[in-house]
2 protein chains.
Amino acid sequence: MQRTKQPTMKDVAKLAGVTQPTVSNVVNGSESVSAEVRERVLKAIEELGYVPNALAKGLKQQRTNTVGLIIPDIESGFYGEIAKGVEKTLRASGYITFLCNTFYNPDLEKVYLNALIQQNVAGIIVAYPLVNKKIYANFNKFNIPLVVLDDKVEDESFTIPSVELNNISGSRLAVEHLYRTGAKRICFASEPLFSRALQLRYEGFRQAMEKFELEVDEQLILIENNQYDKIKMGYNLGAQILLNDAVDAIYASSDNLAFGIMKRLQEYGIKIPEDIIVIGYDDVPLSELISPTLTTVSQPKYQMAKKGSEILIKMMNKEENETTEVMYEPSLIIRQSSIKAVKVNS
Amino acid sequence: MQRTKQPTMKDVAKLAGVTQPTVSNVVNGSESVSAEVRERVLKAIEELGYVPNALAKGLKQQRTNTVGLIIPDIESGFYGEIAKGVEKTLRASGYITFLCNTFYNPDLEKVYLNALIQQNVAGIIVAYPLVNKKIYANFNKFNIPLVVLDDKVEDESFTIPSVELNNISGSRLAVEHLYRTGAKRICFASEPLFSRALQLRYEGFRQAMEKFELEVDEQLILIENNQYDKIKMGYNLGAQILLNDAVDAIYASSDNLAFGIMKRLQEYGIKIPEDIIVIGYDDVPLSELISPTLTTVSQPKYQMAKKGSEILIKMMNKEENETTEVMYEPSLIIRQSSIKAVKVNS
DNA sequence: CTGAAAGCGCTTACAG
DNA sequence: CTGAAAGCGCTTACAG
């Protein structure tokens, strides 16, 4: 595995009979070069198979074309789509993305932040509420352009551009739909409310229940205490739900949670939607494949990822200085899990 | 967005009253430094919040701690798990991963390869058979350590370490299981056989059919001509299957394909497994959530990703020079889609 | 054990 | 329009 020495601008210059800075000018189009010289240089580049060294360029310019994407779980449908949107948008503007998968581990969050700083990334996108909140202050200290997705960081000393979903109206959509189906006894099932987004979903749920004059049964507010695999969590919550008789409908704070719940209910012979209606949140790809297909509050994930990336790109280009806060509106995707068989009247 | 100048080793050296190379020695533990000096330096590092510059280090050392991961679709369950395994394994050895999502686009494959070369990555993992086969020669030319997952590149002029699944025995497991259920008329449904892996699945299917003395009906060999979304493709293939009466079982070359097929069959009131048995390939997370849960040939994806990463790490460390070819054995995960209700005899 | 020097591959003024 | 020079932040011999 003898690595052959890569040709440098110096080698190109020698072959083309010019100086090395002239090669630099040709490559970057920075200063005007006579057509004749340009051609000689391009030919030499071609001949040697010269490829610029991004490290040297970055070191000199004090600026790179790399960006860090911090997400908790690349395998989940939700973050997979986010990653795709971010990566594609950044790539189109010439940036290349470091994948930082933290598994919600605060130590790893720290490790990654450190690694990204060492790499002199031009910017960072954080796609979930970091467990280790102290890290936000670090971003500020190192002055790295940062955009937060699905969260908003509030601190008196600094503000961070964010792209979020209107989670209050997401819950309103869900409850309104349940109200229309005639459901009375509605269960709210959720992972721990560790993020702003989840807190708002819960708050929105209570607000909407009040608005539609539905009674909240505190027995039916099922919020887990510990964070772990959401599908398993749903499966466990499903067991709790089985203990309650007379539940009409379940509003789960994420699709994955809903999948676990449905699995458990179905194992016990409960029919969805005939016996119990289920609504999820996120609209991950799976939700239209599972049986019954899942009614869910849809987040425009790809749009949000794209928008966040665009904001970051502007920041990295210093095009825009003001702090931006974008909020998207959710929509309700109605599928089988909430539509009881229609009775046809002749 | 005034970026405050980051402290350098020079700044640390000045504060600690030593020279800059001494700081380097302390940071890297490369040469012995007196305990007293070390302490002074560490205190200065702490005080200034010094973080090493990976670009400068990489430039000087002609070696980085970055690796490129080239995958076609991060959103799919299969590659999501691969990405997770790769990223985690490399991270544990101090490498940080560039995510290169190609969407099976040969131009993007080229663009990414170029970007990775510019970044001076220490190595590259390719997790699928590249569409643009010429690229493999480029890797060789630039002498970048490379490992291929789920494929094997055969060229007289060079060999590339690979981690694959034994796809012949995967098909044997599937057909054997179908044989045992009593299925006679077996349909083979697949995306285009653009990769070695898929070709071997097909070959393995024919071999196994012969072995179990099952007749292959060429009408039931459904191989798509164009590559597109696999679930949609399965949905379309499902329509073709409906045209054939008397199909006992379907062996789909991937789970996603099977999902699409099942969706179509179920829409037409066909019961799985009562009417038709379905077997998939890959064991993506979804396959145990869908209803009925899907019997499938399981690939040890995480293991394969981990093994491939470990091989790459050794190559990058120049620990091992020989070309490695690893082959994993698949296993059959039997779920509802192939188990007809058991008749209990009293 | 410590310090002075060279150089990795570039970009960026600046002089001609 | 072209060339000589400095320097980005490090590592790595090498001399003391």
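Chain A is the first sequence line, chain B the second, and so forth, proteins listed ahead of strands; every chain is numbered from 1.
Within residues 22-29 of chain B, the residues that have a heavy atom under 4.0 Å from DNA chain D are, in order of number, Ser24(B), Asn28(B).
Of the candidate nucleotides dG3(D), dC10(D), dT2(C), dC10(D) has the atom nearest to the side chain of Asn53(B). Comparing dT11(D), dG9(C), dT12(C) by their closest approach to the side chain of Gln61(A) singles out dT12(C). Relative to the side chain of Leu59(A), the nucleotides dT11(C), dT11(D), dC8(D) differ in distance, and dC8(D) lies closest.
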Check the pair Gln118(B), Asn114(B) against side chain to side chain donor-acceptor pair (under 3.5 Å), reporting the backbone distance first and the verdict last.
CA-CA 6 Å; Gln118(B) 295 194 14; Asn114(B) 207 263; 3.2 Å; yes
Which is it for Lys43(A) and Glu47(A) under the salt bridge (charged side-chain N to carboxylate O under 4.0 Å, His left out) test, yes or no, and what are the steps along the way?
CA-CA 6 Å; Lys43(A) 198 169 288 173; Glu47(A) 201 175 321; over 6 Å; no
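Although no hydrogens or angles enter the test, the distance criterion places no donor-acceptor pair under 3.5 Å between the side chain of Thr22(A) and the main chain of Val18(A).
Other residues, nucleotides and ligands contribute only 12 or fewer heavy atoms inside 6.0 Å of the NZ atom of Lys14(A). The environment of CD in Glu39(B) is sparse: at most 12 heavy-atom neighbours from other residues, nucleotides or ligands sit within 6.0 Å.
The interatomic distance linking Gln119(A) (CD) with dG9(D) (P) rounds to 16 Å, in whole Å. One interatomic measurement links the two molecules: CG of Asp11(A) to P of dG9(C), which rounds to 8 Å at whole-angstrom precision. Here dC8(D) presents its P atom at 19 Å from NZ of Lys57(A), a figure rounded to the nearest Å. Rounded to an integer number of Å, the gap from Met9(B) CE to dC8(D) C1' is 14 Å. Between Ile45(A) atom CD1 and dC10(C) atom P the separation is 10 Å, expressed in whole Å. Spacing between atom CD of Gln118(B) and atom P of dG9(C) amounts to 15 Å, rounded to whole angstrom units. One atom, NZ of Lys14(B), and another, C1' of dT2(C), lie 19 Å apart when rounded to the nearest Å. A straight line from CZ of Arg63(A) to P of dT12(C) spans 11 Å, rounded to a whole angstrom.
Secondary-structure stems of DNA chain C, taken as three or more successive Watson-Crick or G-U wobble pairs (i with j, i+1 with j-1) under a 3.5 Å distance threshold, comprise C:1-3 with D:14-16, C:5-12 with D:5-12, C:14-16 with D:1-3.
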All N/O pairs under 3.5 Å across the protein-nucleotides 4-7 of chain C interface:
residue	atom	partner	partner atom	Å
dG7(C)	N2	Lys60(B)	NZ	3.4
dG7(C)	N3	Lys60(B)	NZ	3.3

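Taking the ring centroids of Tyr104(A) and Tyr128(A), they lie under the 6.0 Å cut-off.
Between Gln62(A) and the phosphate of dT11(C), there is no side-chain N or O to OP1/OP2 separation shorter than 4.0 Å. Proximity of Thr8(A) to the phosphate of dC8(C): no side-chain N or O atom is located under 4.0 Å from OP1 or OP2.
For the pairing with Leu90(B), the side-chain contact (heavy atoms from CB on, under 4.5 Å) check across Thr66(B), Leu69(B), Val67(B) returns one residue only, Val67(B).
In this structure the side chain of Phe194(B) reaches within 4.5 angstrom of the side chain of Gln227(B), judged on heavy atoms. Proximity of Leu165(B) to Pro300(B): side-chain heavy atoms (C-beta onward) are separated by under 4.5 Å at one or more points.
By the side chain to side chain contact (heavy atoms under 4.5 Å, CB included) test, Ser195(B) pairs with Pro129(B), Ala197(B), Leu198(B), sequence neighbours left out. In this view, Glu310(B) satisfies the side-chain hydrogen bond (donor to acceptor under 3.5 Å, both in side chains) rule with no residue, not counting sequence neighbours. Judged as a side-chain hydrogen bond (donor to acceptor under 3.5 Å, both in side chains), and not counting sequence neighbours, the contacts of Asp73(A) are Lys84(B).
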